[in-house]
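A note on names: the letters A, B, ... follow the listed sequences, proteins ahead of strands, and every chain is numbered from 1.
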Amino acid sequence: MRVFLILLGKELRQFFLSPLAYVVILLFMLINGVSFYASISALTRSTSAHNIVTWMFRTPWFYLSYFAVFPLITMRLLAEERKLGTLETMMTAPVRASQLVLSKYAAAVIFYIVLWLPSLANLYLFQYVTAGAADLPRGPLIGSYGIVLLMGLLYLAMGLFASSLSRNQIVAAILALTLILLHYLVGFVAVHLSSARMLDLSEILNYIASVEHLSLFTSGLVDTRPVVYYISLAAFFLFLTHQVIEFRRWKT
Amino acid sequence: MIEVEHLTKRYPGRTAVDDVSFSVGAGEVVGFLGPNGAGKSTTMKILTSYLPATSGRVTVAGHDVFADSIKARRAIGYMPENVPLYDDFRVKEYLTFRAKLKGLGGRDCRRRVGEVMDLCGLADVRKKMIGTLSKGYRQRVGLADALVHRPQLLILDEPTNGLDPNQIRQVRELIRRLGENHTILLSTHILTEVEATCGRVIIIDHGRIKASDTPEALQQRLRSAGAIEFEAQAGAEEVAAAVRALPQVRRVLCDDLEDGWRRFTVRVDPGADPRAEIAALIGTLGWPLREFVRRQASLEDVFVELTQNQ
Ligand SMILES: Nc1ncnc2c1ncn2[C@@H]1O[C@H](COP(=O)(O)OP(=O)(O)OP(=O)(O)O)[C@@H](O)[C@H]1O
Ligand SMILES: [Mg+2]
């Protein structure tokens, strides 16, 4: 635990002292703001079955920023240690691979949460300036931020895994994006299958597909199955990452 | 302190370390000497449990480096080849991070970081970003990092690689001082370095140990690599035939010099010293002579002899 905390401190320090972090935060806030604005104007143009929160997670702006953000957060984490050779200084100190992997993951998750805070502030600010006239719906709010966190847990684990495979950050980023998009696109196959009346298969795919989860959770329908699903899949990718780091220690 | 038994490391397609056994006692300063690609770094990576051995057993301070690696790592201060460091840390900050990681805490940590910075001459640059340091200072940061948790054993992979002559001298001086109360295994391909700092040399080539002894004893043993050299004005064939006829002479080599003189190198049997006979021969045949020396084997000769006769 002690070693984990020391490593976490080091990772957070490297996150928040790197210029890239602020570029990411700025970009994310900007796009989030645009997406917020787009959802307000959509709501003012016409009455809608959906509320402000649900709208926010349905604009194309949201997707634009959302998927780009994971590779940017994770690409550096292990690829850079490998490139600099500091993986060697790290793993010849009394540090276990699990402590290294978990501390990097935890730092990425913390950074990701920080990234989302301004958008939450946006919503509360909106409630404040409208003097409570636009009440924030509890269900969609919890559901939306919940699913964003859950998907984040998985995609950050995927990104960390990608970063463990290469010493080149660009390669790690592209690989991460590929993994994430592959996972995400499974949902569109499901939509396609259900329109082609292959309902059984589409049912299964919907279980693993983020598209479905996003639309359910953002309308406030929180389900426990996806919670288990995302967390266990994230754990699986962390396990794979651990194996990659320990790979050099396997007896050949 | 270090026990290595029948250590073998195979990379796909090549054997980097081939059935190597040696041991380093507590308090010894041992130089690991070998040409590029000899397997020095690979051996060190196995000793520090960064890489697993293909076969064989390695214990450090009584702990098996594979089965009990965390305990073994605590006993070792390791400075890898090329000194990998985080460029976006300040010197003091980095050393503090490393000290904490290796188990130091609180006041002790702060004091010890100060100590190693003084010891390695880093006090002036403690607030500097590591990325802006010169090679020599990076090397010192690496050394300070290796020392910071008061390990019994230091493993240093080419500690003076890439330094200017002044810095080399400083680092060697530092190593010599550390050798008074540490066990040190350092690798190098610079011979003078071993002579200057190490009590024992292990010469390794193509993954095998070629010799392990004190620098003096190695020179002694390789006396035979010494030769008698003289410069004379005489026919190459004539001299070669006459000198080779003497007992104990193995080979006579001849170089033409620009000014019409010739330089002859006479290789002799191990332990033999036929200087008197050769001098007498030169005298009776009346060749003009202007130099006559016996060249002692240097550690360099030993090295060349051991690592080139494949
Ligand atoms: N990861 C690797 N994969 C395959 N072969 C390797 C690997 N690392 C080293 N080798 C090979 O193993 C041999 C020993 O390398 P090593 O780095 O131990 O040599 P060295 O004695 O440290 O040389 P130098 O003086 O150049 O540092 C070399 O032939 C090298 O090419
Ligand atoms: Mg080397």
Side-chain angles (χ1 to χ4, degrees), chain A residues 1-23 75-104 106-107 111 164 167 169 242-252, chain B residues 8-12 41 44-55 60 63 65-66 68-90 93-94 96-105 109 129-131 141-142 145-146 148-149 151 155 157:
Chain A
M1 196 60 193
R2 201 186 109 85
V3 171
F4 170 79
L5 289 177
I6 294 164
L7 289 174
L8 179 63
K10 173 238 167 206
E11 292 302 328
L12 287 175
R13 181 201 169 284
Q14 283 187 314
F15 258 122
F16 288 100
L17 289 186
S18 83
L20 178 67
Y22 292 96
V23 174
M75 64 184 189
R76 207 200 82 244
L77 291 172
L78 281 160
E80 192 183 55
E81 300 266 2
R82 216 182 266 277
K83 176 146 193 173
L84 288 176
T86 45
L87 194 62
E88 188 171 346
T89 41
M90 190 63 89
M91 297 317 295
T92 51
V95 171
R96 290 175 205 284
S98 55
Q99 292 167 329
L100 181 71
V101 170
L102 286 179
S103 66
K104 286 188 178 282
F111 182 79
S164 74
R167 57 170 52 221
Q169 292 190 31
H242 177 265
Q243 293 309 97
V244 172
I245 297 299
E246 279 295 88
F247 174 71
R248 63 180 168 75
R249 304 229 314 135
W250 290 2
K251 293 260 182 186
T252 39
Chain B
T8 297
K9 174 70 189 179
R10 269 189 279 278
Y11 289 117
S41 301
M44 290 184 153
K45 282 179 189 177
I46 296 169
L47 291 180
T48 53
S49 72
Y50 183 66
L51 292 177
T54 308
S55 66
V60 169
H63 308 292
V65 295
F66 192 78
D68 211 359
S69 103
I70 296 277
K71 279 199 191 120
R73 287 185 233 171
R74 276 189 226 284
I76 302 174
Y78 175 44
M79 180 171 125
E81 203 168 14
N82 303 323
V83 203
L85 298 167
Y86 299 111
D87 288 345
D88 54 353
F89 271 70
R90 291 177 199 282
E93 196 183 10
Y94 176 72
T96 307
F97 161 66
R98 294 289 296 176
K100 284 185 182 159
L101 201 60
K102 296 172 180 183
L104 272 64
C109 174
M129 280 293 187
I130 289 177
V141 174
D145 168 30
V148 78
H149 58 301
I155 296 184
D157 201 348

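Heavy atoms of B:Lys71 lying under 4.5 Å from chain A are absent altogether. For B:Leu85, the part lying near chain A is the backbone, with the side chain staying farther off; criterion is any non-hydrogen pair under 4.5 Å. Using a 4.5 Å cut-off between heavy atoms, B:Glu93 contacts chain A through its side chain alone, with no backbone atom that close. Residue A:Glu81 touches chain B through its side chain alone, counting heavy-atom pairs closer than 4.5 Å. Within the 4.5 angstrom heavy-atom criterion, only side-chain atoms of B:Tyr78, from C-beta onward, approach chain A.
At least one cation-pi condition fails for A:Arg96 and A:Phe4: the charged atom is not both under 6.0 angstrom from the six-membered ring centre and inside a 45 degree cone around its axis.
In this structure, the side chains of A:Leu7 and A:Leu102 stay at 4.5 Å or more apart for every pair of heavy atoms.
Across B:Arg98, B:His149, B:Lys102, the residue that shares the most heavy-atom pairs under 4.5 angstrom with chain A is B:Arg98.
Judged by distance alone, the side chain of A:Tyr22 and the main-chain N or O of A:Phe16 form a donor-acceptor pair under 3.5 Å.
Annotation for A:Arg13: atom CZ counts as buried by contact number, over 12 foreign heavy atoms lying within 6.0 Å. Atom NZ of B:Lys100 sits in a sparse spot, with 12 or fewer heavy atoms from other residues, nucleotides or ligands closer than 6.0 Å.
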